[in-house]
Amino acid sequence: MSAALEFLRARTIFALILLLALFVGFVELVRPGTVTPLWVSNALMFAAPLAIMGGGQTLVMLTGGIDLSVSAVATGSAYLLATNASHGDFYALAIALSLGAIVGAVNGIGVALLRVQPLVMTLGTGLMTGGVMIVYSQQMMASQPHVPGLIQTLGAGKLAGFVPVDLFLWLIVGGVILFGLHRTGFGRLVYAVGDNAEACHLAGVRVWRVLFVDYLICSVLASITGLVLVGGTNAADLSLAESYLLPSVACVVIGGTSIFGGRGGYGGTIVGALILTVLTSLLTLLDVSEPAKQILFGAIILVLAAAYARLTE
Amino acid sequence: MIDVVIDAAPVLSIRGVAKSFGSVVALRSADLEVRPGEIHALMGANGAGKSTLVKIITGVYPSDSGEMRLAGAAARFRSPADARRAGVVSVYQDPAIVPDLTVAQNMRLARVPLAAVKSAMRELGIEGVDLATPARLVDFAILRLIDLARALASDPRILILDEITAALPADLSQRVFAVMRDRRSRGASVLFISHRLAEVTALCDRATVLRDGVTVGVTSTKDAAEQIVDLMLGSEVAKAAASVARPTRAPAKEAAALDVANLNYGHALRGVSFAVARGEVLGIAALEGQGQEALFDCIAGVRRADSGIVAANGVALKLRHPADAIRAGLVLVPANRLTSLLPQRSVQENVALAAFGRMRAWGPIALRAERERVGRAVARLQIDTRAAAEVRRLSGGNMQKVVIARWIAAGFKTLLCFDPTRGIDIGAKRQIYALLREVAEQGASVLLFTSELPEIRLVCDRALVLFGGRVAAEMPAAEATEAALLRAAHGLTEAAS
Amino acid sequence: MTSGAFVRALAMPALLTVALALTRLAHPTFGAFDIQSLALGALPLALAAAAQAIVVISGGIDLSIGSQIAIANVLSASLMQHADFRQSLMISVLVLAAGAGLGLVNGVVVALSRIPDVVATLTTGFIFGGGALLILERPGGGAPAAYLNLAAGQDFGPWLPNGLIVMILGVAAVWAPIRLTRIGLLIYAAGSDPIAAFRSGVDVRAARTIAYLFSGIACAIGGMALTMTTGIGAPLAGAYYTLSSVAAIVIGGVSLTGGRGGMVGPVVAALLLTLAPMDLVFLGIDPNYGQVIQGALIVLVVMAAGFYAYWRERK
């Protein structure tokens, strides 16, 4: 027993995968015959945006921060894309992604240079972004928003009717994050700054540069998430990504990244995002009301996070 | 070891207490007996485990093993409040006073009667402090006395004072001693922790000596100063001396590796000037707080000097960030090694960290080259890599070696070492001595501050003594006896007279 | 009281006075009616700010405040719909107890689970949000007119709306038991320096749990105030208060690192944050910029505080 626990403690990713398998097992148990290749394909399609947003969140949480503006940025980007699509797809895409870049830069300046607590900084920029989008949407009443076909394919398309297109985007983004965190100097610094920023300063590292780039990347990833989401729903509204804020934090925490920084990684977040997606699917199968689903979802996150805190104590 | 005749039942007795933090062993086996009506000294070098023992006695954290008896009955406190109720009260090194509350609120917080606190404050000579002042505005030394007054107000059976005199001026220290004697005469016991032997022999009845987490002796303090020192040190430094052989060097003639001219920083540094030649180890000796921290920080670019010049190899430097100093080859091993380590990361990542200071190193890492470079530094310093996955699991000595290995791997011209051997074991100390000499022989230079004066003669070529932010004396290592250094460090006379 | 503390205590009310004077200048017809709508708008926010302030002073942060307010709002509106005034008052006591319960849940989760406050309350907020939807799926419910009049009336003349009185009494009802008893000492100590507090004999985890409990009660009052001012229960109306409560305490001078700050600042800040969008309307600007201004204010105030600390350090 204790030997097994010790093993899991050292290799928490196995514990997570075990948990994921358990949830998939539950799904099959609740309604036998559900877990088909198509179900897997759909689960991956729904997990992709969460995992991409979770990637950004992982990057900032590794430095001991948090980004609470991701949902506002994702929503805003999606909305900007849809309302500017009439000017050409690439123009719209550029506008949409630049929102992420701008908010990320503002977050970065605040957190990295002016040393504002990340929680407050991103709360503030999230509020501002949301407010600007409300004002913008009222000026855009007349225009006819639509989602470019390219983005629809990205968000909802399936290759050969089976492999979700957003999976490819996820693979690219995930590969870059994993490689970046473990095989580049920047990745080393993300961990190092989160573990002990003063030590980095003493070692000659300009800490603010690392943080600035980190928050910038996180916001751009949130922007991309918004594009995938709007491609999936094919309808831009101002509550599009609202429900992604908690899961984006939760999949990182469940995935074993310490909110105090310096420990964890994207591998855990990937499994965390999959667990949350399967959990959603499971709750849908249970045929409970929407509010009850929300309560169960939150409660299970709490239990998982608490169990994880105990395991790694 | 001296045999002690037990002539009174102890009020506090501790047997075989051990405590580890991760893989760092703070206490191996501590024994302690305090009798009623005595002032008992707890002695030991830095890192011997004194403060840990105090925190275990008062319930700040539990011990891993061992037992504690209070007046003969087994006792184990779950919190300091628990200990206070049983009459065991401690004044810790950092005052247990909440900064954002007023002094009076702090007293109410601990539920001690204000009248008793006021009378204790009168006894200590600090009755002038306004109780309505927020604690964060009160001077640190006074804060510790307020903490003491609060402890006295609960009329403890056993009063524990952890380095209470360290920050106190002499007159206030005398007041504290008078209070301790008064409590002894009334039958209470005091456990007194201090580095100052003179205080201990004048004040205490008996002393328990800890070394590396083990009780190595209990002795009466009468005429036992030498014996206590022997117990504390285990004659470590003498043993180390034999292992470092050093040729005498002729002074180098080319531009100095490090040239400091007229450096000023607030009240801490007032016109400090000196030079370190290539291949030289320059020692700095000073009592606590004579400007040595500011000196090292200013040279390393951690703090900005108000005025003055720092030059490396004849080039004056603009030091705005540690990166500026590092680029010029000036690298710092700071006083507190934890400030420069990544506790949750591996030895490899810690050693390699300095390589990523420049943005062009942000790209892909050549892992094999890095592993080789780090491996060489780790091997050269003989770092024990059994717990290499997380640096926080290493022992203090190995942590210190990781900090030095980082600079060995990154390369440097002048090593700024601030008290590198504090609280580490004798084996690691010896390795660091040898390494510093070796580094110098290969043409780099070293600026070494040390709080252990014998190290100056052991490792350095030349010594400076700082006093009141100025260079008070300079002497070749051969003349830097402890007596000479201490006299200069107290600002007494020019040692080289 | 030191002179610095005295100046700080007066700074926020002075700022509000200036803001009101400027408003009057820009909009000469600003009068009793606008004061009434200011009081009504600021009432729930003031209580949300009080709730947040208590938790932050104790060293935590509560991102579930909006959901707690939503629960109190829909619970009161759905239970009081067909009740008379007396019954409504009794239901109020029930809602207060429920609020205390939610606060206690937060406190226990944070104290026992070792999950950081941010993540824990973000998650409980999600759960409570589900709870609010469970009680009332879509906006509805109501309360007797006499009950609504408690906050919406003007029993003391047009210049002193009931809303303002309820605000002061409501905040005082939560804050007085803290400030006037040992609880306040424990909460400030736990937030200021948990280690020193522990060594002084404080049970830090218990102190933080109590802070969440009182915060829950403040949220319950805030939720019922929302019922009084809007006349209905709306399960999603609470969301606004989570972020705005953080804005109010930041502007109101409560230190996010815990242990410092009072209650006057956050409450006045709630009034300022409500006045800002009104002023925008007077100036002919889209009031939706109010949210932008709120976000900018949060960021600017915290940056200014950071600069001030940096400047003091350098001096």
Subject >> Per-residue contact mode, Leu189(A) against chain B (heavy atom under 4.5 angstrom) >> reply: side chain
**OP:** Under 4.5 Å, counting heavy-atom pairs only, tell me which of Arg358(B), Arg327(B), Gln344(B) racks up the most with chain A.
**Re:** Gln344(B)
**OP:** For residues Thr339(B) and Asn196(A), report the shortest heavy-atom separation together with the two atoms involved.
**Re:** O-ND2, 3.4 Å
Original post:
Heavy-atom distance under 4.5 Å to chain B: side chain of Val213(A), backbone, both or neither?
Top reply: side chain
Original post:
Would you say the side chain of Phe179(A) lies within less than 4.5 Å of the side chain of Pro364(B), judging by non-hydrogen atoms?
Top reply: yes
Subject >> Identified side chain to side chain contact (heavy atoms under 4.5 Å, CB included) counterpart of Asp195(A) within the set Arg392(B), Glu349(B), Arg345(B) >> reply: Arg345(B)
**OP:** Sort and list the pairs that fulfil salt bridge (charged side-chain N to carboxylate O under 4.0 Å, His left out) and have at least one residue in residues 362-380 of chain B, not counting sequence neighbours.
**Re:** Arg188(A)-Glu370(B), Arg380(B)-Glu438(B)
Subject >> Value rounded to 0.5 Å, distance of CD in Glu198(A) from CG in Leu338(B) >> reply: 10.5 Å
**OP:** Look up atom CG in Leu202(A) and atom CD1 in Ile326(B), then write down how far apart they are to the nearest 0.5 Å.
**Re:** 8.0 Å
**OP:** With a 4.5 angstrom heavy-atom cut-off, could you sort out which part of Leu367(B) is near chain A: side chain, backbone, both or neither?
**Re:** side chain
Subject >> When Ala389(B), Gly363(B), Ala354(B) are compared by non-hydrogen pairs under 4.5 Å with chain A, the top option >> reply: Gly363(B)
Subject >> Inter-chain contacts: residues 312-323 of chain B against chain A, heavy atoms under 4.5 Å >> reply: His321(B), Pro322(B), Ala323(B)
Subject >> Audit row: Trp362(B), Arg209(A), side chain to side chain contact (heavy atoms under 4.5 Å, CB included) steps and yes/no >> reply: CA-CA 11 Å; Trp362(B) 279 19; Arg209(A) 290 181 185 162; 3.8 Å; yes
Original post:
Considering only heavy atoms, which portion of Ala361(B) lies under 4.5 Å from any heavy atom of chain A: side chain, backbone, both, or neither?
Top reply: backbone
Original post:
Relative to chain A, which segment of Ala352(B) carries a heavy atom at a distance below 4.5 Å: side chain, backbone, both, or neither?
Top reply: side chain
Original post:
Which atoms form the tightest heavy-atom contact between Ala199(A) and Leu353(B), and what is the distance?
Top reply: O-CD2, 4.2 Å
Original post:
For Arg303(B), does the CZ atom have more than 12 heavy-atom neighbours from other residues, nucleotides or ligands under 6.0 Å away?
Top reply: yes
Original post:
Should Ile365(B) and Arg183(A) count as side-chain neighbours, where that means a heavy-atom distance under 4.5 Å?
Top reply: no
Original post:
Is the count of non-hydrogen atoms from other residues, nucleotides or ligands lying under 6.0 Å from Ile309(B) atom CD1 greater than 12?
Top reply: no
